[in-house]
**Student:** 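Below are the structure tokens for one structure; questions will follow.
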Amino acid sequence: MTDSSTESFTLVITGAPYSSQAPQTALGFAQAAVNAGHHIDRVFLYGDGVHLASALCAPPSDETNWSEEWSRFLTDHSIPSVACIASALRRGLINEVEQKRYELPAANLRAPFEIAGLGEWVEGRIKSTRTLYFHAGD
Amino acid sequence: MTDSSTESFTLVITGAPYSSQAPQTALGFAQAAVNAGHHIDRVFLYGDGVHLASALCAPPSDETNWSEEWSRFLTDHSIPSVACIASALRRGLINEVEQKRYELPAANLRAPFEIAGLGEWVEGRIKSTRTLYFHAGD
Amino acid sequence: MSTLIMIDQPPYGAWSGREALDMAFSLAAFDQPASLLFTGAGVNWLRQAQEASGIGQKSVEKNLSAAPIFGIEAILADRAACNTYSLDESSLIEGVTLVDVKTALLTGYHHTAFAG
Amino acid sequence: MSTLIMIDQPPYGAWSGREALDMAFSLAAFDQPASLLFTGAGVNWLRQAQEASGIGQKSVEKNLSAAPIFGIEAILADRAACNTYSLDESSLIEGVTLVDVKTALLTGYHHTAFAG
Amino acid sequence: MTAIQTLHILNKSPDHPRAARCLEIMSAEDGLLLIGGGVLLLATGNLPGAGKVFALSPDVDARGLRQLTGDASVVDFPEMVALSLQAQRVISW
Amino acid sequence: MTAIQTLHILNKSPDHPRAARCLEIMSAEDGLLLIGGGVLLLATGNLPGAGKVFALSPDVDARGLRQLTGDASVVDFPEMVALSLQAQRVISW
């Protein structure tokens with residue numbers, strides 16, 4: 001395996017925007033991987049990382065909106081992105097299906113993020129050349 | 001000052017439910033304070049603590065919904081509760097006013113929580129006998 | 001494709017220990033070899049007789065006891081950390097193997113991950 | 001009613017350092033005496049020439065320089081932590097006072113708080 | 001109860017750097033209240049030599065440490081409220 | 001570039017207990033890539049004696065550490081991608 005051939009990645013983000021640097025470092029990595037001709041099989045949000053999929057973040061206008069940046073990148077490159085359902089429901093990240101099921105007043109999941117189980121992570125882990133994790137720091 | 005007279009507290013919660021024990025410890029403290037005849041001037045959510053004010057948390061049915069528990073306690077005892085506006089907007093906690101201002105697809109703030117500035121913390125800190133903080137652990 | 005899930009955060013204060021368990025159980029459910037390694041303050045997940053109802057949570061003792069049934073290959077605990085936290089065979093839950101955490105331990109796995 | 005805001009988390013990786021600054025500035029805005037104490041990895045907020053644009057953030061150097069103007073009484077830094085992280089008068093931003101963090105330092109304040 | 005100068009409320013495990021700083025700064029006139037993961041200090045046997053030590057009951061039980069409390073006093077939430085008022089100041093680490 | 005057995009990606013400051021464990025376990029055949037708050041290890045001067053050390057450029061600059069990189073190689077994101085593929089395995093601490 002050399003770095004000149006096409007390889008594939010699953011990226012797992014476990015740190016939230018604005019309380020960690022994880023989404024931002026992961027985005028820098030993902031952009032570089034795509035630019036190098038590699039493939040990103042999927043992005044999996046786990047634990048506090050699910051907050052990256054919020055449609056409701058409104059940081060000050062002179063700060064980066066990491067949810068928006070990630071959303072654009074995923075859409076531009078047609079990369080599947082999944083927030084873990086167990087992490088998301090506990091932390092209040094909800095799509096329309098879950099909104100109906102739990103009779104909640106709203107949905108707040110940003111496209112193109114989807115909600116699914118840990119099986120997506122397991123599948124990525126098997127399929128991709130490398131599965132990398134982007135955790136919160138301290 | 002003795003513990004038999006009526007004293008007052010401002011409680012600041014900086015840890016999120018499901019990623020910290022802060023909301024739960026703070027609730028145990030608040031209930032004991034009220035039962036002892038003390039007054040809680042206000043509860044102030046700061047940093048990741050603002051997630052406690054989410055209306056969309058849907059933990060498994062055999063787990064405690066800390067947002068719901070807190071909401072009931074605050075309502076029952078008419079305790080003012082405020083999520084810091086700067087923390088809340090960055091982290092996607094939005095009421096209807098902010099939804100309109102930032103043209104966002106939904107609002108997700110749970111009643112009776114309100115959104116306001118750090119001045120509320122400063123005021124509580126001046127007014128209350130004690131201001132206590134409930135942070136995330138490790 | 002064996003995976004080692006590492007847990008170094010203490011129980012109950014954060015959710016990431018539980019989320020690490022979920023990762024290991026998911027791997028096992030998809031027939032992927034998985035083991036758990038508890039280090040640092042994380043070894044405290046392995047103490048007998050945890051009563052978490054008073055803090056509105058469930059203890060994970062039952063989940064960990066069921067780990068072999070669900071196909072988790074091993075529950076490993078860092079010997080030095082167990083010493084630090086007064087954990088020995090009499091206080092550890094059943095089925096835990098004490099290990100010295102060295103380079104060689106990790107190179108035995110294709111993949112090593114924390115939950116957060 | 002003087003308040004000491006403590007910052008022990010390193011810069012940029014988490015938001016709590018910025019949130020601690022906001023707390024101090026808010027106190028000052030309401031004419032409440034406030035000082036900042038940087039300890040542990042938190043002293044790294046005080047290094048000169050931080051260029052955070054490459055990670056999509058703003059450095060706080062300007063905010064800290066403006067602290068006296070906004071009424072923050074003192075910016076204190078733990079001497080031992082500065083030594084650990086190779087920070088001395090030549091590399092620290094202006095206006096920082098090195099202190100030894102002992103009981104006596106904290107008892108000089110009515111209120112001591114972390115942002116998270 | 002005797003007077004407490006500063007009540008240090010510690011919710012970090014002994015592995016966390018903030019725990020070490022809290023213990024370092026604590027004086028003989030102070031109290032230490034262990035809550036959350038902070039109660040794991042009980043398991044290490046390294047309680048501070050000076051000053052009173054308290055540990056929050058539900059957190060002690062959750063971590064299975066009832067037999068390891070040593071010289072620490074186990075307190076409930078009403079006692080935590082009383083301690084926080086009794087002390088001249090409170091620091092939440 | 002030479003072969004790397006395990007690439008340890010460390011984003012915790014030297015104060016964090018996970019940083020100590022990462023450094024303890026690292027062998028001479030391994031690589032250490034400092035990112036985020038992990039780059040603060042450069043300021044302590046305590047780089048591991050064995051194994052190659054890398055530090056992510058934007059994180060080094062954010063923390064003002066460009067003059068303190070010592071024996072570490074400063075890398076950009078494309079090099080981080082290459083390193084992660086080159087190593088036999090990657091651990092994100």
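Throughout, protein chains are lettered first and strands after them, A, B, ... in sequence-line order, and every chain is numbered starting at 1.
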**Student:** Give a yes or no on whether C/Asp88 atom CG has more than 12 heavy-atom contacts from other residues, nucleotides or ligands under 6.0 Å away.
**Tutor:** yes
**Student:** With a 4.5 angstrom heavy-atom cut-off, which part of C/Glu61 approaches chain E: side chain, backbone, both or neither?
**Tutor:** neither
**Student:** Given a strict heavy-atom distance threshold of 4.5 Å, which part of C/Ser59 is in contact with chain E: side chain, backbone, both, or neither?
**Tutor:** neither
**Student:** Where do C/Gln50 and E/Arg63 come nearest, in terms of heavy atoms and distance?
**Tutor:** CG-C, 4.1 Å
**Student:** Looking at C/Ile55 and E/Ala62, what are the two nearest heavy atoms and their distance?
**Tutor:** CD1-CB, 3.6 Å
**Student:** Is there a side-chain contact between C/Tyr85 and E/Ser13, using heavy atoms and a 4.5 Å cut-off?
**Tutor:** yes
**Student:** In terms of heavy-atom proximity below 4.5 Å to chain C, should E/Asn11 be classed as side chain, backbone, both, or neither?
**Tutor:** neither
**Student:** Got a sec: does the CD of E/Gln67 have more than 12 other heavy atoms crowding it under 6.0 Å?
**Tutor:** no
**Student:** Can you name the residues of residues 35-50 of chain E that have some heavy atom under 4.5 Å away from a heavy atom in chain C?
**Tutor:** E/Leu40, E/Ala43, E/Thr44
**Student:** Is it the side chain or the backbone of C/Ala49 that comes within 4.5 Å of chain E heavy atoms, both, or neither?
**Tutor:** backbone
**Student:** Yes or no on side chain to side chain contact (heavy atoms under 4.5 Å, CB included) for E/Leu68 and C/Arg47, after CA distance, side-chain angles and deciding distance?
**Tutor:** CA-CA 12 Å; E/Leu68 294 170; C/Arg47 195 181 305 272; 3.5 Å; yes
**Student:** For the side chain of E/Asp15 and the backbone of C/Ala41, is there at least one donor-acceptor N/O pair under 3.5 Å apart?
**Tutor:** yes
